A.B. asks: 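Sending over a structure as structure tokens; questions will come in a sec.
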There are 2 protein chains.
Amino acid sequence: MDVSILSKRSAFAHNSILEEEKVAESLIKRGIKVIEINRGDPPAYFPTPKYTIDAYIKALRERKTGYSRDSGVMPLVKAISNRYKKKYGISLKTDDVIVTAGVSEALLFINTATINPGDNAIIFRPFYNQYLTQLKISGGVPVYENYDEANGWDLNPESIKKTLKSLKNSGRLKRTKYMLITNPNNPTGTVLSRKVLEEVVDLANEYGVFLISDEIYDEIYYNKAKFTSLSQLAKGVPHMILNGASKDFDSTGFRIGYMLLPESDKTSEELKSKLAEFASVRLCVNTPAQYAFAESMSNEKEHNKEIKHMVSEIESRVNAAVKVLKENEKIRVVEPNGAFYILPRVDFKSLKIKDDREFVDRFLKEEYVMLSRGSGFGADSHVRVVALPPKDILEYAMDKLNRFCDKYSK
Amino acid sequence: MDVSILSKRSAFAHNSILEEEKVAESLIKRGIKVIEINRGDPPAYFPTPKYTIDAYIKALRERKTGYSRDSGVMPLVKAISNRYKKKYGISLKTDDVIVTAGVSEALLFINTATINPGDNAIIFRPFYNQYLTQLKISGGVPVYENYDEANGWDLNPESIKKTLKSLKNSGRLKRTKYMLITNPNNPTGTVLSRKVLEEVVDLANEYGVFLISDEIYDEIYYNKAKFTSLSQLAKGVPHMILNGASKDFDSTGFRIGYMLLPESDKTSEELKSKLAEFASVRLCVNTPAQYAFAESMSNEKEHNKEIKHMVSEIESRVNAAVKVLKENEKIRVVEPNGAFYILPRVDFKSLKIKDDREFVDRFLKEEYVMLSRGSGFGADSHVRVVALPPKDILEYAMDKLNRFCDKYSK
């Protein structure tokens, strides 16, 4: 074949979070111990609870091992519906719920189902990198909005309004397929405030933009934060919630996610039936894992105990890491109150390191601590810390980071 | 939103195999027992073997529950490589193996990685319906070739040569990204002969077309058939093998598939590194299932015992069903020797039923047996039978089919 076998859009298939892992691998091969604080993977530090493992084993013993209902096994659909009813007062019908292989597959379905080449979607910076990747692979063009660092990384409704107005005036609004927010946020660790969420719902309603809220960390908030699900505010407004078992249920490797479309307007209805078709094309999600979570999600007593423990640990780990970072004058930190990420801004003008990519690369090679570069999340001049390891390791790593900044001080 | 939120290509997201299931569901709700012979789902009739379940439980107990290596955990990659070394004499390097959520996800990656809008791929009729669906969702246009029903559904090298020549002459060859065959075949149940496979490899080499062989049923053949993997014949010729644990290891619901790219030419190398990037975008496949199959695939003693039993059962079930169908003058059957499908041709000219869609619909509603319509596989005038149920149920269902044809005889 004379020409490349690759498609043009395949150029966008890249995961910036994993960039450093090849370097880390070669260090580990040389016998070096690397502190890995780059992946948001709770089971690496909090063993998946026994009640979930037991439910999974039960499903296997019962030979729930064949293909299953394409949009999710009924007991799981019911468990998800019950969770939303109890937690957020939302009523979900069977067809409103579509189970996916993690939020990753949900993003794939959403973009494939909605994006024609050249269509837009409103993405907020900093973003979880897969939002942009999946949008671009589908031929979409992001319209960027920003979380407001000066205001604790919250949303900025005035700026959103300006963007929507300009999309309307330029005739692009009808090709703007969705606006996607993340709450609690990755990579900022921010829980969005109810007040601005309400304003954003009003704007989406006014301008007719479909709202998506990725709430995969919806039980992980602390420092007295209050979490509001978009589903509680967007009644009557077309929207979708993304969630899953990965983080709240401490089981990233099981790949159980879901999409919820609680509304019954024309757009929501055509979207949910099309998303179900995408689910049916790929047959199903791992069957025993679905049955496991049907049981895990229904076991509120065990789950409440486990999540309470995990969140209180995360709170103390995040706060310990932030405390050390605050000693560093070359860094500015917005204190997180959700998820388990910290996104410090590095003052590169005061350093002999040019940008976040070089920073992360050198820090890994010289100090054996693996962070992620902020530019992979649309946050140049930042680095992302995953504050999951035990406090002493985190403090040790953050102390290293402070001394690393001193070492490269101009 | 005034215009539809859906993308144009989303119109192709549809799984014809599942079309009848909504009708069946409503029958079942009315308390009617439906014989389901529409899904190629071995665990529905052969419980997944204990040695695999035990390996899965072990992985769960060992808390293999976090994110894992994006292209597949190393023990599984090694087990797959060992399998191909022992079975087919093929040497695979780590990067030659990419683990996917079933062949479904492999097809998604392949099409997304290679197909620009308007690009071609050579697909053989009858096809496994997802080949066409995934190609079209990616904006690709199929160039159809045919398995030769008159010659036991084998490949027809002369016809393939004609097609390749015409693609070359029209300048379309450089936009023909791959040629995809299935061996043993779904939906025909045919094991392709070594001789024609060799000719096809030569043609692919001569015309520079990338060859893909879906060999997900590679241990399921009988009636004295001999199976040859494309990997044994295509040394030095750019190609890819698709396979997985679903069928040979009787575990469709675990969603473990893989792509193998044994060659090191420029096309194979750029393809394997790009496919690995797609794997990294979606993070990973269910982690404990990967560890389970690392162990299952290495346990040759147990596996050989199980597969021998399953294949001998399938042989007797397929042959029993074929025997009953041969009594029917309105039907013509090519005897299968692989997988577990039968694809009889129905002589609609002699029936008061116009086509395969009406046939399958009526047969389900009137006789409570669920088949799949052949047109969903590009085989108009055929119906697909999944010959997995016990012999007496299959014979009963095939007998019903014969009497159904009599009932609607002109």
Side-chain angles (χ1 to χ4, degrees), chain A residues 1-8 10 13-15 18 39 41 43-44 47-48 53 56-57 60-61 63-68 70 101-102 104-105 108 112-116 130 133-134 137 174 177 208 210 251-255 267 270-271 274 277-278 280-289, chain B residues 1-10 13-15 18 39 41 43-44 47-48 53 56-57 60-61 63-68 70 101-102 104-105 108 112-116 130 133 137 174 177 208 210 251-255 267 270-271 274 277-278 280-289:
Chain A
M1 177 168 299
D2 302 333
V3 293
S4 167
I5 195 170
L6 302 181
S7 64
K8 288 193 192 89
S10 75
H14 180 67
N15 187 346
L18 307 181
R39 278 209 191 201
D41 190 22
T48 303
I53 300 293
Y56 209 137
I57 290 173
L60 286 165
R61 290 222 167 103
R63 295 299 194 278
K64 310 279 207 241
T65 56
Y67 291 125
S68 57
D70 35 17
S104 301
E105 194 182 50
L108 167 75
T112 316
T114 67
I115 299 294
N116 292 306
Q130 223 182 118
T133 310
Q134 298 273 22
I137 289 173
K174 62 179 180 295
K177 293 302 182 76
F210 192 82
S251 59
T252 47
F254 295 167
R255 317 308 293 125
T267 297
E270 66 178 352
L271 197 47
K274 187 43 75 181
E277 292 267 24
F278 276 97
S280 112
V281 167
R282 61 74 163 117
L283 303 172
C284 72
V285 167
N286 183 289
T287 300
Chain B
M1 176 169 303
D2 303 333
V3 292
S4 167
I5 196 170
L6 301 182
S7 63
K8 289 192 191 90
R9 66 206 173 106
S10 75
H14 180 67
N15 188 347
L18 308 181
R39 279 209 192 201
D41 191 23
T48 303
I53 300 291
Y56 208 137
I57 291 174
L60 287 165
R61 290 220 167 107
R63 295 299 194 279
K64 309 279 206 235
T65 56
Y67 291 126
S68 57
D70 34 17
S104 302
E105 195 184 48
L108 168 75
T112 316
T114 66
I115 299 294
N116 293 306
Q130 222 183 116
T133 309
I137 289 173
K174 61 178 182 294
K177 294 302 183 77
F210 191 83
S251 58
T252 47
F254 295 168
R255 317 306 295 122
T267 297
E270 68 178 353
L271 197 48
K274 186 45 75 181
E277 293 266 25
F278 276 97
S280 111
V281 166
R282 62 69 165 120
L283 302 172
C284 70
V285 168
N286 183 289
T287 300

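Predicted model only: the values in this text are computed from it and were never measured. Order of the sequence lines sets the chain letters (A, B, ...), proteins ahead of strands, with each chain counted from 1. What you see below is based on every heavy atom in this structure, not just the backbone, and it leaves out hydrogens, waters and symmetry mates.
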A.B. asks: Between Asn116(A), Leu271(A), Thr114(A), which has the largest tally of heavy atom pairs under 4.5 Å with chain B?
C.D. replies: Thr114(A)
A.B. asks: Report yes if the side chains of Leu60(A) and Leu60(B) come closer than 4.5 Å at any heavy-atom pair, otherwise no.
C.D. replies: yes
A.B. asks: What part of Ala101(B) lies closer than 4.5 angstrom to a heavy atom of chain A: side chain, backbone, both or neither?
C.D. replies: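 The answer is neither part of Ala101(B).
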A.B. asks: Going by side chain to side chain contact (heavy atoms under 4.5 Å, CB included), name the residues that satisfy it together with Thr133(A), two or more places apart in sequence or in a different chain.
C.D. replies: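 With neighbours one apart ignored, the set is Ile137(A), Val281(B).
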A.B. asks: Counting only heavy atoms closer than 4.5 Å, note whether Arg39(B) contacts chain A via side chain, backbone, both or neither.
C.D. replies: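 Just its side chain gets close to chain A.
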A.B. asks: Kindly write out the residues that satisfy side chain to side chain donor-acceptor pair (under 3.5 Å) with Ser104(A), not counting sequence neighbours, or none if the list is empty.
C.D. replies: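 Here the qualifying residues are Gln130(A), Arg255(A).
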A.B. asks: Tell me whether Arg63(B) contacts the main-chain N or O of Thr48(A) through its side chain, where contact means a donor paired with an acceptor under 3.5 Å.
C.D. replies: yes
A.B. asks: Identify which part of Gln134(A) has an atom lying under 4.5 Å from any heavy atom of chain B, answering side chain, backbone, both or neither.
C.D. replies: side chain
A.B. asks: Any side-chain heavy atom of Leu283(B) within less than 4.5 Å of one from Asn15(A)?
C.D. replies: yes
A.B. asks: Restricting to non-hydrogen atoms, name the atom on Tyr67(A) and the atom on Thr252(B) that form the minimum distance, rounded to 0.1 Å.
C.D. replies: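 Between these two residues, the closest heavy atoms are N-OG1, 3.2 Å.
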A.B. asks: Specify which of His14(A), Lys274(A), Arg61(A) makes the most heavy-atom pairs with chain B at under 4.5 Å.
C.D. replies: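 The candidate making the most pairs under 4.5 Å is Lys274(A).
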A.B. asks: Mind checking the OG-CD1 spacing from Ser10(A) to Ile115(B)? Nearest 0.5 Å is all I need.
C.D. replies: 11.0 Å
A.B. asks: List the steps, then state whether side-chain contact (heavy atoms from CB on, under 4.5 Å) holds for Glu270(A) with Leu6(B).
C.D. replies: CA-CA 8 Å; Glu270(A) 66 178 352; Leu6(B) 301 182; 4.2 Å; yes
A.B. asks: To check you understand the geometry: which heavy-atom pair defines the closest contact between Gly253(B) and Pro288(A), and what is its length?
C.D. replies: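 Smallest interatomic distance, heavy atoms only, reads O-CD, 4.0 Å.
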A.B. asks: Do Thr287(B) and Phe254(A) come close enough that some side-chain heavy atom pair is under 4.5 Å?
C.D. replies: no
A.B. asks: Who wins among Pro43(A), Gly66(A), Ser251(A), Ser7(A) for the most heavy-atom pairs under 4.5 Å with chain B?
C.D. replies: Ser7(A)
A.B. asks: Measure distances from Ala44(A) to the heavy atoms of chain B and classify the residue's part below 4.5 Å as side chain, backbone, both or neither.
C.D. replies: neither
A.B. asks: CD1 of Ile53(B) to CD1 of Ile57(A): how many Å apart, nearest 0.5 Å?
C.D. replies: 11.0 Å
